[in-house]
Every structure is written in C-alpha cells, then in structure tokens.
Amino acid sequence: MRIDLHTHSVVSDGTESPAQVMTAAARAELDVVALTDHDTVDGLAEAGAAANDLGLEFVPGIEVSCSHRGISIHLLSYWHDPADAEVAAMLAKTRDARVNRAQQIVDKISVDYPVTWDQVVARAGGATTIGRPHIADALVDHGVVPTRDAAFQQILAGHSRYYVPHYAPEVTAAVRTMRRAGGVPVFAHPGADARGRVVPTSVIESMAEAGLVGLEVDHRDHSPEQRTRLARIGERLGLVRTGASDYHGTGKLNRLGENLTTPEAYAALKSARASAAPGC
Ligand code: AMP
Ligand code: ZN
Ligand code: FE
Ligand code: FE
C-alpha cells in the first residue's frame, strides 16, 4: 500500500487541477492519496470524483495556515466536515488576510522589479487561496527569476526585505477547531527549519493536549536527525508518524510518493477519526 497524505492543486498553489493531481497519483502508483490545499476545501469534490474513477482511495484534507508567537505553522487535517461554520469562518479570515498580504509584498517588490498586482492575480487564475508561489510565477514571467524555487531562495524568502507575514489562527485553537469539526489534525513538516523558524517541543506538547493526532515526520524538508528527534517526540506523546510528498505539481521539486505513510499509521488516523467525539 502506497499512501501519500499531502498534495496541492491549482485551487491553492499547486500547478495541476484537482483531477490532474489524482491522475498523477495513479501514475505514481499510489493506493491512497489526500488533497490538502492551503486554507480551502474547494478542490475536494473534483479530486474525490476523479480518484473514484481511477480506483484510488481518496482522503479529503486541508493544510491550515496557523501561527504561534509570530512563527508560521502548517496544520494538516483530514475528514473534517467541510460545511462546519467555525472552520469556514477561520479559513475565510486567513484567505482574506492572504490577499492583503500578497498585495503588500507585491507593492514592496514592485519598487525594484517589474511586477504588478494585476499580473499576480492573473497568474493565480482561479485559485481560492493566494500565496507567494503566485507572485513567484509573475516574477518568472518577467524573467526576474528562472523558477519558483529561485524566487523562494531570495526575493520571496522569509528573511527577505520584501517579506510580509499574514494573519493566521493560533495553532492550538486551530487544532481544537478542526477536531470539533470531526477532523484528524496532523502537524505538517514540524521541523522544516530551512523555510523559517520552527516551534519548540513545548508547542507540540500543547498541540497534543489540544487533540493533535499525528506528526508528519517523513517529509523532504527534514534531515535524518530531525526525523529521529521528531519520531521520539511523537512516540512519547502518542502521536501517529506520517510521511508525505507535499506535491505541488511542477511548482516544487517534490515528487508524489517520495515519502509515504505506513498502512498501520493510516489505520491509526482512521480510528482517531472514528473516535472523534462531537464537541470534544
Ligand atoms: P505562503 O503560503 O504564501 O506563505 O507561501 C508558502 C508556500 O510556498 C508553501 O505552501 C510552499 O509550499 C510554497 N513554497 C515554499 N518554498 C517553495 C519553493 N522553494 N518552491 C516552490 N514553492 C515553495
Ligand atoms: Zn504550498
Ligand atoms: Fe506546508
Ligand atoms: Fe503543503
């Protein structure tokens, strides 16, 4: 069983439609695949239908932007009720903040480079959630940088002078909100320090108390040492160890199935779903 629980489509900042991501998943010989677009569930219906046609087991998911004392954190969640009003309000607030923030970043960059807000909006196409990768695409169009990756190494990096953060909910609150909505929350790439500051272990402990179910230990942004450290923390706290690709189509180097979740871990996520008491 090949299980990949972290992928993105054009509904956020991937480069393929939800159905195309599922076709790519079948080609990568996955058996189980989740779509986890940033701060939106708009791609899930299309992906679910395509997965069904392809004979893939589909896991409806999301990657929720969160924060803790100014540190940006990503929280994966699976199977939550997409109609849940509290979740919808939380995500809408973040998406609105993202638009403002992207405009501010573009304002700053446009002082030094040829890029306009209209071009970024055009590059984002029908995306529900706008992000730095769309700004990267506009910069690539202008020949400022050759790829999204190059843009993230300098102009769009977290330490860049053009960087602007955006509002996101406190991570423990988001864990509770997703759990109340029937979701199974998993901390995405908790030790990915190359992309910015990571939270101390005490925050993982608070998240576990709030209802966190898993830690995405096996992710390309983690060194072998980080995987060992995170696996130990997860064992101590009774968290499920997951692994995934964080596929973004051609927008990132990540390949589908490059990291996987074991069938045992997947079963543990499913049983956490079954035991999620409404109103917990
Ligand atoms: P934002 O959500 O607007 O802060 O932008 C961060 C997003 O950009 C994350 O979802 C990453 O997947 C994506 N990203 C980060 N680094 C890179 C990179 N080197 N190349 C392409 N996309 C990236
Ligand atoms: Zn992304
Ligand atoms: Fe992420
Ligand atoms: Fe992701």
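Keep in mind the model is a prediction, meaning the values are calculated, not measured. Keep in mind that the numbers below use all heavy atoms, side chains included, and drop hydrogens, waters and symmetry copies. Counting starts at 1 for both ligands and their atoms, in listed order.
Note on Lys252 versus Glu258: no salt bridge recorded, every NZ/NE/NH1/NH2 to OD/OE distance being 4.0 Å or above.
Closer than 2.8 Å to the Fe ion (ligand 3) sit the protein N, O or S atoms Glu63 OE2, His74 ND1, His189 NE2. Less than 2.8 Å away from the Zn ion (ligand 2), the protein contributes these N/O/S atoms: Asp13 OD1, Asp13 OD2, His38 NE2, His248 NE2.
Of the possible polar contacts, one joining the His222 side chain to the Gly191 backbone as a donor-acceptor pair under 3.5 Å is found. Side chain of Asp37 to backbone of Ser9: a donor-acceptor contact under 3.5 angstrom is found. Side chain of His142 to main chain of Leu139: no donor-acceptor pair is present (N/O by atom type, distance under 3.5 Å, no hydrogens or angles). Distance alone, capped at 3.5 Å, places no donor-acceptor pair between the His8 side chain and the His248 backbone. Side-chain atoms of Arg227 never come within 3.5 Å of backbone atoms of Asp218 as a donor-acceptor pair (strictly under, hydrogens ignored). With Glu46 contributing its side chain and Ala19 its backbone, the two residues share a donor-acceptor pair below 3.5 Å.
Donor-acceptor pairing under 3.5 Å is lacking for the side chains of His219 and Gln226.
Ring geometry for Trp79 against Tyr266 counts as tilted: the plane angle lies between 30° and 60°, on a 0 to 90° scale.
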